[in-house]
Amino acid sequence: MTIKELIQADWKDALRSKDKQKASVLSMAKSAILYAEKDAQSSLTEERIIEILAREIKMRRDAVAEFEKGNRQDLVEQGNFEIETLLSYLPKQLKEIEIIELVENTAKEIGANNMKDMGKLMAALKPLTTGKADGKLVSTLVKNYLTK
């Protein structure tokens with residue numbers, strides 16, 4: 001079963017069980033996927049769907065940070081629920097130590113050893129981390145590695 005089919009099935013189950021909160025999150029995910037399919041005028045690959053879900057998670061993480069600044073605990077909880085729901089459709093998330101190992105190995109492979117090589121290193125890491133790690137975390141770890 002593809003991610004798109006799984007989201008569709010879970011959305012139907014959420015509607016049947018009257019879980020409005022989960023149904024709303026899945027409806028949004030379906031909508032984002034459908035919009036991207038219309039834009040591309042074809043079905044999307046699993047990798048592209050993972051990128052879309054990762055982008056949606058990133059938007060919610062950014063929103064949660066703003067809600068925390070505004071002391072809106074109700075919206076923080078809603079945002080965190082949406083993030084956790086969407087994360088369940090992505091591949092297993094990499095731990096920080098795993099990302100550090102990826103950064104070190106990839107940097108050695110491509111010869112990245114200073115901040116001028118950051119773009120090249122991030123481009124090499126993108127296919128390895130998309131949907132599996134937060135981009136901000138990867139960027140931070142790359143900066144830390146290159147400034148050692």
Side-chain angles (χ1 to χ4, degrees), residues 1-107 110 112 115 118-147:
M1 185 177 273
T2 66
I3 295 172
K4 182 179 172 183
E5 293 168 342
L6 185 58
I7 290 172
Q8 177 71 21
D10 289 351
W11 174 72
K12 286 180 182 178
D13 290 342
L15 287 176
R16 283 186 197 112
S17 65
K18 299 190 188 317
D19 185 349
K20 290 180 182 178
Q21 192 175 23
K22 185 173 183 179
S24 174
V25 175
L26 296 178
S27 180
M28 172 282 314
K30 285 176 26 149
S31 175
I33 293 167
L34 182 63
Y35 181 78
E37 283 180 336
K38 277 187 170 182
D39 202 36
Q41 297 181 348
S42 68
S43 293
L44 301 177
T45 63
E46 287 290 294
E47 292 80 23
R48 183 70 180 110
I49 290 174
I50 288 170
E51 287 176 12
I52 291 166
L53 293 177
R55 185 184 67 226
E56 294 293 328
I57 290 168
K58 180 189 181 308
M59 288 182 347
R60 277 156 184 74
R61 282 186 174 140
D62 293 344
V64 165
E66 293 300 316
F67 295 148
E68 286 173 342
K69 288 179 189 174
N71 203 21
R72 291 293 310 267
Q73 194 58 33
D74 56 329
L75 296 176
V76 169
E77 290 171 11
Q78 174 65 25
N80 286 331
F81 174 80
E82 291 175 5
I83 290 167
E84 291 304 314
T85 301
L86 294 173
L87 278 173
S88 69
Y89 296 96
L90 294 182
K92 180 181 164 277
Q93 297 295 292
L94 296 172
K95 295 184 176 123
E96 189 169 331
I97 190 73
E98 294 171 318
I99 299 169
I100 292 170
E101 289 175 18
L102 268 176
V103 168
E104 291 172 355
N105 294 337
T106 306
I110 66 170
M115 284 303 288
M118 183 166 175
K120 185 167 67 169
L121 182 53
M122 288 298 292
L125 286 168
K126 184 172 177 152
L128 303 172
T129 59
T130 299
K132 299 176 189 173
D134 180 38
K136 283 184 182 178
L137 176 60
V138 174
S139 177
T140 301
L141 295 175
V142 165
K143 284 178 188 171
N144 291 344
Y145 176 78
L146 293 176
T147 58

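Just so you know, these numbers come straight off a predicted model, no measurement behind them.
- The side-chain contact (heavy atoms from CB on, under 4.5 Å) check on Met115 picks up Met118, Lys143, Leu146, Thr147, with sequence neighbours excluded.
- Residues Ala32 and Glu56 come closest through the heavy atom pair CB-OE2, 3.6 Å.
- The distance from atom CZ of Arg48 to atom CD of Glu51, rounded to the nearest 0.5 Å, is 5.5 Å.
- Between Ile33 and Ile3 there is no side-chain heavy-atom pair separated by less than 4.5 Å.
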Identify every side-chain donor-acceptor pair in residues 79-88 under 3.5 Å, counting partners at least two apart or on other chains, and give the distances.
| unit_1 | atom_1 | unit_2 | atom_2 | d |
| --- | --- | --- | --- | --- |
| Asn80 | ND2 | Val76 | O | 3.3 |
| Glu82 | OE1 | Arg60 | NE | 2.7 |
| Glu82 | OE2 | Gln78 | NE2 | 2.7 |
| Thr85 | OG1 | Phe81 | O | 2.8 |
| Ser88 | OG | Thr85 | O | 2.5 |

Donor-acceptor pairs under 3.5 angstrom involving side-chain atoms of residues 128-141: please list them, not counting sequence neighbours.
| unit_1 | atom_1 | unit_2 | atom_2 | d |
| --- | --- | --- | --- | --- |
| Thr129 | OG1 | Leu125 | O | 3.1 |
| Thr130 | OG1 | Lys126 | O | 2.6 |
| Lys136 | NZ | Asp62 | OD1 | 3.0 |
| Thr140 | OG1 | Lys136 | O | 2.9 |

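- Annotation: side chain to side chain donor-acceptor pair (under 3.5 Å) contacts of Arg72 (sequence neighbours excluded): Asp74.
- Put simply, CD1 on Ile49 and CD1 on Ile7 are 7.0 Å apart, with the number rounded to the nearest 0.5 Å.
- Under the side-chain contact (heavy atoms from CB on, under 4.5 Å) criterion, Thr2 pairs with Lys4, Glu5, Glu46, sequence neighbours left out.
- Taking both residues in full, the closest heavy atoms of Leu15 and Ala23 are given as CD2-CB, 3.8 Å, listed atom of the first, atom of the second, then distance.
- For Tyr145 against Ala107, the heavy-atom pair with the smallest separation is CE2-CB, 3.2 Å.
- Closest approach of Ala124 to Ile110, counting heavy atoms only: CB-CD1, 4.2 Å.
- Applying the side-chain hydrogen bond (donor to acceptor under 3.5 Å, both in side chains) rule to pairs touching residues 6-20 yields Gln8-Lys30, Asp10-Tyr89, Asp13-Arg16, sequence neighbours excluded.
- The 12-atom threshold is exceeded at NZ of Lys92, counting heavy atoms of other residues, nucleotides or ligands nearer than 6.0 Å.
- Side-chain atoms of Glu98 and Leu102, non-hydrogen and from C-beta on, never get closer than 4.5 Å to each other.
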**Message:** Quick one, Glu47 with Ile50, criterion side chain to side chain contact (heavy atoms under 4.5 Å, CB included). Give me CA distance, side-chain angles, the key distance, then yes/no.
**Reply:** CA-CA 5 Å; Glu47 292 80 23; Ile50 288 170; 5.6 Å; no

